[in-house]
Amino acid sequence: MTTTAPAIPTVDVDPFSHEVLADPLPVQAALRDAGPVAWIPRYDLYAVARYDEVRATLVDWQRFPSSAGVGLSNFRYEEPWRPPSLLLEADPPHHDAPRAVLAPILSPRALRRLRERWCGDADDLVAGLLDGAGDTVELDAVAALAEAFPLRVFPDAVGLPTEGREHLLPYGDHAFNAFGPANDLVAKGAPRVAELSAWVASQCARDVLTDDGFGAAIWAASDRGDITPAQAPLIVRSLLTAGVDTTVHGLGACLYALASNPGQWDRLRARPDLARVAFDEAVRWESPVQTFFRTADVDVPISGAVVPEGHKILMLLGAANRDPRHWDDPDTFDLARDPSGHVGFGMGLHQCVGQHVARLEAEALLGALARRVERLELAGEPERHHNNTLRAWGSLPMRLHVR
Ligand code: OVM
């Protein structure tokens, strides 16, 4: 008698179509409900969308390595659009030195020196929007807050010169599109790739960076021999790629969640120490980074089915973060819940190394707003910004009631 692995359910969707990007929740649910793993014929792609399987795939770097790329493109056969990241697109042992160098530079302990300054910067930004404006202020919370604050503090913390910072968001937007299929979103970015990549590369040089930022600290690690001088600029590049759009869209998600759940805003104003919970809950609820891929290094059984060696597997972080098998009432944004364990920052050895930076930015901005804004409300139809990887707002018209 022979036994065969159970068939993998087919789910014929395009997770990267505009229809799905406009509202990914139905496809997330369909993939979760189809089974522990599903097969997407259009891309000959396996997919996990349940919390347990997403988490298990994320932590299994031995069988699901990252060095063949964490997008749809398989670096075994296809030339990457830029030299691979030494962090994101690497496995142990190559991954370990870059990670060990960067982690302490971005650790909560190392960030303590920035806390007071960033809180003051957030107060200044909010004062500039509210002072003398009357009882209510209308603004686009994406441009005025979610983009303005990270762009004000993060490039300074890295040590970038002022010139050219407007390249950061378009570069990151393209990098996150490039993890998906070669669709219209990737084509839209293509004309500027050379220019943006050249600018980013130029900003990673030692003599361009100030001597007191994250960039200088990475270069100092190469002086100590912890990494090579050839690795240093690529690690700086990771900060510039992964550190801006992600935080912007995380803050956008958080502001949208708070504006559309006034009870949660009241709770935050009463307990400003909930700012970090609010941000993590927004990262769970909205999952600004929706997806990443791995590549099966061997045939990998998942609940009896097999993901064949050499195939890509799509991990739907957003689906896992709303899986009712794991979360109570997952679609509710709730500051009373403990969102820890969400996979919005990933899990395991590649878990977001910059997450403490993002949380500090959120704490500073939400704190400044909570001190001065009685109520936030949507003042018009919010607009999505479509990206193959990011769940993002393009504009969030809001009315701020000031006290
Ligand atoms: C990188 C990187 C890390 C995380 C996300 C990301 C574009 C890039 O190391 O360049 O997205």
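One-based numbering, in listed order, for ligands and for the atoms of each. Values reported hereafter were calculated over all heavy atoms of this structure, with side chains retained and with hydrogens, waters and symmetry mates removed.
The aromatic rings of Phe16 and Tyr43 sit perpendicular, their planes meeting at an angle over 60°, well past the 30° parallel limit.
Of all atoms in ligand 1, numbered sequentially from 1 with element shown, those under 4.0 Å from a heavy atom of Phe176 are 5 (C), 6 (C), 7 (C), 11 (O). Applying the 4.0 Å criterion to heavy atoms of Phe179 picks out, from ligand 1, the atoms 7 (C), 11 (O). Short contacts between ligand 1 and Ser85, defined as distances under 4.0 Å to a heavy atom of the residue, involve ligand atoms 1 (C), 9 (O), 10 (O).
Among all non-hydrogen protein atoms, the one lying nearest atom 10 (O) of ligand 1 is Arg82 NH2, 2.9 Å. The closest protein non-hydrogen atom to atom 5 (C) of ligand 1 is Ala242 CB, 3.5 Å.
Under 4.0 Å from ligand 1, heavy atoms of Ser238 appear from its side chain as well as its backbone.
Residue contacts with ligand 1: His174 is excluded, as none of its non-hydrogen atoms falls under 4.0 Å.
Of all non-hydrogen atoms in His95 and His350, the two that sit nearest each other are CD2-CE1, 3.4 Å.
In this structure, Arg76 pairs ionically with Asp297, as a charged nitrogen and a carboxylate oxygen lie closer than 4.0 Å. By the 4.0 Å N-to-carboxylate-O rule, Arg192 lies close enough to Glu195 to be salt-bridged with it. Note on Arg206 versus Asp223: salt bridge recorded, some NZ/NE/NH1/NH2 to OD/OE distance being below 4.0 Å.
Put simply, the residue from Arg269, Arg271, Arg276 that forms a salt bridge (Lys or Arg N to Asp or Glu O under 4.0 Å) with Asp273 is Arg271.
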